[in-house]
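These notes concern the structure reproduced below.
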2 protein chains.
Amino acid sequence: MLKLTKKVDYALLALSFLSQQETGKVVNIWEISEAYQIPTEILAKVLQRLSKKGILQSHHAPKGGYSLKKSSKDVSILDVINAIDGPVAILSCSDSHDKTCQQIDNCDIRSPLEKIQGKIMWLLEEMSLEEFTHSVPTTGGVLHGSINLSGQPRYH
Amino acid sequence: MLKLTKKVDYALLALSFLSQQETGKVVNIWEISEAYQIPTEILAKVLQRLSKKGILQSHHAPKGGYSLKKSSKDVSILDVINAIDGPVAILSCSDSHDKTCQQIDNCDIRSPLEKIQGKIMWLLEEMSLEEFTHSVPTTGGVLHGSINLSGQPRYH
DNA sequence: ATAATCGCAGATCAAAATGGTCTGTGATTA
DNA sequence: TAATCACAGACCATTTTGATCTGCGATTAT
Ligand code: SF4
Ligand code: SF4
């Protein structure tokens, strides 16, 4: 339920790896695959999409590979998810025109659900790769009050 | 990606339906199924789980059915998701002991991801069924500042 | 120029999660 | 005691995801 896919996991690991290198360093798939024990073929797919979306720069050539195209603070987690799995959508009906939900005519929960969806997207958009890989303690004061930043759920 | 399951959708619709009735009103599966065009068998499963988790009260008897067991402001969206699909878990590894992820030894993204997970759970826990069905404009001032409450994503 | 080393693209298969169906049982009450 | 409701679990179909395979295209060192 609400689980991130393995591909996104792979993408984040790879990006994390790259952002730990000296800036502009070119790394090939095999190295990343080796570092995390990820099957090379599927990692290839993942990195391809990241480069197609402008997050990575690819260099095809001997000694080629991938390097970060943007500063890690200009890449949000949402960007990564969008690149790998297509648009985040909590609801089946947010694909809009696509295939319409049977309940849509009588549905009175759509608008509140969209509100939640907006908040989740905002959350994912706020967090950049930089904060992500460097374990910055807060998101910069955008969330206030009683919000739980411990990473540990406080519910039973 | 990150999509709520249809069963949760059904659960929320049913709960929304029930909370629109006079309090304590007993409604059977067929009526709800009819109202939203949900297959009765699967709706039955969904309502069973809600009653097992103490969200609904069941009355088996002629003229029986289900009624809300708690006030709608004491039921969070997280409760509903937990009841239907088991615990919310963004990461594959948060099932902990279960089957371990191949990358877990070298993983340097787990803690930030758990942070995000915590925030999402907090979000879902904050919103009660009452706010949900009555379209209350805000969540009561817990989120401040530039948060986007419009329900519409503001990203491209 | 050409061969080695890379990424690119798409088809394809396997496994898992989900949605939906079916059959039979148990509780309550008119 | 029969009708009406929920309960339980097995079961199958569909969709999504993870992973693999095959061949092509770009770049560069020699
Ligand atoms: S039930 Fe409502 S919210 Fe859920 S998918 Fe259908 S229209 Fe969208
Ligand atoms: S890669 Fe890290 S975060 Fe993702 S599932 Fe494995 S251990 Fe958890």
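Throughout, protein chains are lettered first and strands after them, A, B, ... in sequence-line order, and every chain is numbered starting at 1. Only a predicted model underlies this, so the values are computations on that prediction, with no experimental measurement involved.
Between the Ser76(A) side chain and the Met127(A) main chain, no donor and acceptor come within less than 3.5 Å of each other. Glu131(A) contributes a side-chain N or O that, together with a main-chain N or O of Ser128(A), makes up a donor-acceptor pair within less than 3.5 Å.
Grouping the Ile, Leu, Val, Met, Phe, Trp and Tyr side chains by contacts below 4.5 angstrom, directly or via other members, places Val26(A) apart from Val75(A). The hydrophobic cluster containing Phe17(B) also contains Leu13(B), counting ILVMFWY residues as joined when their side-chain heavy atoms lie under 4.5 angstrom apart, directly or transitively.
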Write down the protein N/O and nucleotide N/O pairs, taken from nucleotides 26-30 of chain C, whose separation is under 3.5 Å; answer none if there are no such pairs.
residue	atom	partner	partner atom	Å
dT28(C)	O4'	His60(B)	O	3.0

Protein-nucleotides 9-14 of chain D N/O pairs closer than 3.5 Å?
residue	atom	partner	partner atom	Å
dG9(D)	N7	Lys45(B)	NZ	2.6
dG9(D)	O6	Lys45(B)	NZ	3.1

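What separates CG of Leu4(A) from P of dT16(D) is a distance of 18 Å, to the nearest Å. Atom NZ in Lys6(A) sits roughly 8 Å away from atom P in dG18(D) (whole-Å rounding). What separates CD of Gln102(B) from C1' of dA19(D) is a distance of 13 Å, to the nearest Å. In this structure, Tyr66(A) places its OH atom 14 Å from C1' of dT5(C), rounding to the nearest Å. The separation between Ile81(B) atom CD1 and dT18(C) atom P is 12 Å, rounded to whole Å. For the pair Leu43(A) CG and dG7(C) C1', the computed distance is 12 Å after rounding to whole Å. Spacing between atom CD1 of Ile42(A) and atom P of dT12(C) amounts to 18 Å, rounded to whole angstrom units. Straight-line distance from the CD atom of Glu41(A) to the C1' atom of dT12(C): 13 Å, rounded to whole Å.
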Distance-only criterion, 3.5 Å: show the donor-acceptor pairs between side-chain atoms of residues 45-64 of chain A and protein atoms not counting sequence neighbours.
residue	atom	partner	partner atom	Å
Arg49(A)	NH1	Ile84(A)	O	2.4
Ser51(A)	OG	Gln48(A)	O	3.2
His59(A)	NE2	Ser67(A)	OG	3.0

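With sequence neighbours left out, Lys7(A) forms a side-chain hydrogen bond (donor to acceptor under 3.5 Å, both in side chains) with no residue at all.
Counting non-hydrogen atoms of other residues, nucleotides and ligands closer than 6.0 Å to CD of Glu31(B) gives a total above 12. Heavy atoms of other residues, nucleotides or ligands lying less than 6.0 angstrom from CD of Glu34(B) number more than 12.
Each side chain to side chain donor-acceptor pair (under 3.5 Å) pair with one or both residues in residues 11-27 of chain A, not counting sequence neighbours, appears once here: Ser16(A)-Gln20(A), Ser16(A)-Asp108(B), Gln20(A)-Asp108(B).
Listed pair Tyr10(B) / dG19(C) fails the phosphate criterion, with no side-chain N or O lying under 4.0 Å from OP1 or OP2. Listed pair Ser58(B) / dC5(D) fails the phosphate criterion, with no side-chain N or O lying under 4.0 Å from OP1 or OP2. OP1 or OP2 of dC7(D) lies within a sub-4.0 Å distance of a side-chain N or O belonging to Ser51(B).
Taking each heavy atom of Cys101(A) and Lys6(B) in turn, the nearest pair found is SG-NZ, 3.6 Å. Heavy atoms only, all atoms of each residue included: Ile104(A) and Cys93(A) are closest at CD1-CB, 4.3 Å.
If you run side-chain contact (heavy atoms from CB on, under 4.5 Å) between Leu68(A) and each of Val27(A), Asp74(A), Leu18(A), only Leu18(A) comes through.
A heavy atom lying under 4.0 Å from DNA chain C marks the following residues of residues 25-39 of chain A, by number: Asn28(A), Ile29(A).
When each of Lys7(B) and Ala44(A) is assigned the nucleotide of DNA chain C with its nearest heavy atom, Ala44(A) is the one assigned upstream, toward the 5' end.
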